[in-house]
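Scroll down for the structure; my scribbles are underneath it.
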Amino acid sequence: MSYPVPSLEKIHRFAISFWKSLNPTSDVLIKFSYHWKRLLAYAAVQADQHAHVLAAQDDVMPDTALGSTLLRWSKAVGIKQRGATGARKAKALRVTGTAATPVANLAQLIDPITGNLFQIVNGPFAIGAGGTVDCDIAAISTGSSTRLLVGASLSFVTPIPFVKSTATIVLPVDQDGFDIEQEPSLSNRMQDAFADPGTGASAADFEKWTLDTSTRDIVNPVTVASCYVYANRQGLGSVDIAAFHSGTGAERNLIGTEPTLLLGYLQQLVPLQLGANGGALRVLTTVIETKAVEITFTTNGDPAVAWDWDDSAPPVVLAYNATTKALQFTGPVPTTMIAGKRFVVRGVGSAQDGAVFTVDTVSASDTILVRETPTVNFAATDVLYAASPITASLRDAIIGYMSGDDIYADTNGPIRASTAGTRAISSKLRVLVYGLGPSNPSGAYGQWNGTLSRADLSAIVNYAAGVRKPTIVTPAADVDSTDYLAPNDTQIGYIGPGAILLRRG
Amino acid sequence: MLSIVIDPVTKDFVDDGKGGWLETNQVSTAVMCQLEGEEDAWPFDPASGSRNHEIMHSEVPEAIMLVDSTRRAMSALLTAGLIDQLSVSILASDELSGQVSILIQYLDLSSNTAVDMAYPSSAQ
């Protein structure tokens with residue numbers, strides 16, 4: 001709009017000028033005069049009308065529409081706002097009871113804190129010889145509140161004989177579990193639909209069909225979080241689809257009959273020659289290739305990002321007692337490494353993932369007690385480094401990037417798109433780094449990045465406030481995932497997070 | 001400069017009998033706006049007005065608070081060079097009935113007129 005919208009002050013001056021030209025003797029120039037006040041009130045009403053016009057201008061343009069107008073625009077271009085989803089996780093619910101007791105599929109549990117309902121899926125399961133079994137769990141309720149942390153307790157709605165009435169979460173239930181799609185995400189997808197309206201068989205069409213929960217009243221039987229379309233990979237006219245669940249690492253793979261179900265759904269939508277069984281449309285088997293990342297950085301001296309303790313002489317593990325969680329070093333505990341301080345572990349004698357741990361107690365001159373339970377027990381020759389207050393969030397962002405999440409430039413630092421989706425973020429965040437997709441050598445198949453890029457890793461770490469001089473130790477060079485050749489080309493490789501270690505440079 | 005006359009009781013404009021509204025070159029309308037307007041209530045000029053409305057509608061209006069509030073409100077006109085020789089004093093204060101009134105005296109500089117006014121006006 002070329003019309004320059006005047007400020008309230010300008011509108012007021014404009015009104016005063018008009019009034020003075022109409023009634024030159026009127027006292028209107030000082031704020032104590034009645035006319036000055038009245039004209040200011042009129043000017044405020046006019047300014048509000050201008051604001052309304054500006055808001056309407058935003059509403060009528062698809063790139064700025066919000067609220068109900070965004071929903072109307074989205075509906076007009078065939079984009080549906082994604083509903084809230086329930087969280088799920090395989091092997092996350094530890095049920096205790098008498099050995100060999102069956103735990104039925106779809107047995108319901110309730111979270112006593114939130115009231116959310118869950119159910120056991122992919123069962124039935126049977127209590128093992130040790131008196132426990134780890135069951136797959138999925139939320140019946142929806143929204144981010146269905147995500148559960150390790151240690152959470154759920155109660156069976158209907159008690160099962162010989163089974164303890166409460167069960168414990170042993171893995172974070174963090175797959176899916178999203179609130180209703182936030183406006184920025186919906187707006188981006190709607191704008192994509194404008195930019196690439198589809199031709200009936202474009203890459204955007206395949207992506208939209210795969211991601212949508214239904215198309216032309218045909219229900220998509222698989223919940224897909226991200227999708228990549230390969231043209232001509234199997235030969236001219238062929239289309240390969242790589243589809244993923246949300247989550248981290250291998251849990252993103254479609255499992256069981258899901259690829260077949262997804263293919264069947266797509267075959268009802270695609271052009272005739274692709275829709276035939278045995279045709280040129282395939283849903284690929286995704287194969288994870290875990291890669292370790294090690295990054296060192298310094299900080300700017302701000303206490304908010306300072307290292308917890310002085311690791312200039314990093315302690316080396318002599319022994320670890322998994323029962324007491326006592327971690328003994330080959331030498332004395334560093335004097336600055338006191339209770340409450342955080343650390344990360346480079347796995348030398350064991351396979352560590354770079355997670356952040358906390359010193360619970362310094363129990364002896366050469367021994368600390370660890371607050372958390374490691375996924376893999378520490379072992380001799382493992383090396384400890386100091387963590388900083390931003391280590392965990394940076395590590396999470398890198399894991400997100402390597403799990404296909406776009407990384408946003410939040411005001412508090414880099415943040416995973418899936419995390420942003422569970423927060424009430426109403427402003428549009430800038431994408432800092434696009435999440436890693438499956439293999440795409442030289443960008444031959446599309447615009448997504450399938451290469452673990454040192455530049456991307458550096459950008460994520462460097463964006464955090466207070467970080468200086470990030471150095472990518474591992475990988476030493478950019479890493480491509482595998483584009484399998486025939487006869488194995490029904491598979492496609494993708495990079496997933498291995499050990500992600502961040503430490504002082 | 002002419003200002004529109006507002007009836008202190010009805011808060012209406014006053015018919016001039018010639019098809020228009022009565023106007024005055026006195027500062028009385030600005031005084032009324034200061035006394036009747038509520039301080040902190042108007043977003044465009046929060047300092048305008050007084051606390052008089054709040055004080056007069058309290059359970060037991062206190063004359064001394066009314067004097068303070070009025071003096072503060074009228075001082076803005078004094079600073080702006082519209083009035084001079086401002087004086088605010090208690091005219092009546094009956095704690096039993098809760099009736100209070102004050103006397104406001106000032107020199108209207110635009111008309112060079114000495115003004116004595118009771119507040120609130122007897123009809124209010």
Side-chain angles (χ1 to χ4, degrees), chain A residues 1-59 64-69 183 411 424 426-427, chain B residues 1-8 10-14 16 18-50 70 72-84 86 104 106 108-111 113 115:
Chain A
M1 185 187 281
S2 58
Y3 178 71
V5 176
S7 64
L8 172 63
E9 188 185 1
K10 279 187 176 176
I11 298 171
H12 189 207
R13 285 206 303 267
F14 196 50
I16 287 174
S17 300
F18 269 130
W19 186 260
K20 286 294 286 183
S21 63
L22 175 70
N23 197 347
T25 59
S26 210
D27 179 11
V28 75
L29 294 177
I30 63 169
K31 69 176 187 175
F32 298 105
S33 84
Y34 169 79
H35 292 309
W36 187 95
K37 293 177 191 291
R38 182 168 59 85
L39 291 175
L40 182 52
Y42 288 166
V45 172
Q46 187 58 48
D48 180 66
Q49 288 185 338
H50 280 304
H52 187 201
V53 171
L54 286 177
Q57 182 190 352
D58 282 348
D59 281 345
T64 48
L66 290 173
S68 60
T69 318
E183 287 191 351
T411 50
S426 54
S427 62
Chain B
M1 285 295 176
L2 293 173
S3 178
I4 196 133
V5 174
I6 297 176
D7 186 304
T10 65
K11 305 293 190 297
D12 266 347
F13 296 162
V14 178
D16 66 357
K18 295 181 284 187
W21 302 119
L22 189 63
E23 293 186 307
T24 178
N25 66 347
Q26 295 193 341
V27 78
S28 55
T29 300
V31 169
M32 199 203 71
C33 287
Q34 278 296 93
L35 297 181
E36 301 293 341
E38 293 183 36
E39 197 177 328
D40 283 338
W42 204 42
F44 307 113
D45 187 9
S48 72
S50 70
T70 301
R72 196 166 56 246
M74 295 291 288
S75 293
L77 303 179
L78 196 71
T79 307
L82 298 176
I83 63 171
D84 200 2
L86 173 65
I104 306 170
Y106 60 89
D108 183 337
L109 292 176
S110 54
S111 61
T113 311
V115 177

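Chain A is the first sequence line, chain B the second, and so forth, proteins listed ahead of strands; every chain is numbered from 1.
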Is [Y] close to [X] at the side-chain level, that is, under 4.5 Å between some pair of heavy atoms?
X       : Y       : value
A/Leu40 : B/Asp45 : no
A/Lys31 : B/Ser48 : no
B/Phe44 : A/His12 : no

- Query: Top residue by heavy-atom pair count (under 4.5 Å) with chain A, among B/Ser110, B/Ala76, B/Ser3?
  - Reply: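 Of B/Ser110, B/Ala76, B/Ser3, B/Ala76 has the most heavy-atom pairs under 4.5 Å with chain A.
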Measuring from [X]:[atom1] to [Y]:[atom2], what's the distance to the nearest 0.5 Å?
X       : Y       : atom1 : atom2 : value
B/Thr29 : A/Lys37 : OG1   : NZ    : 11.5 Å
A/Asn23 : B/Leu2  : CG    : CG    : 7.5 Å
B/Leu77 : A/Ile30 : CG    : CD1   : 8.0 Å

- Note on the structure: So, the part of A/Leu29 with a heavy atom under 4.5 Å from chain B: the answer is neither
- Looking only at heavy atoms, which two atoms of A/Phe32 and B/Ala80 are closest? And how far apart? CE1-CB, 3.5 Å
- Should the heavy atoms of other residues, nucleotides or ligands under 6.0 Å from NZ of A/Lys20 be counted, would the total exceed 12?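 Atom NZ in A/Lys20 is crowded, with more than 12 foreign heavy atoms closer than 6.0 Å.
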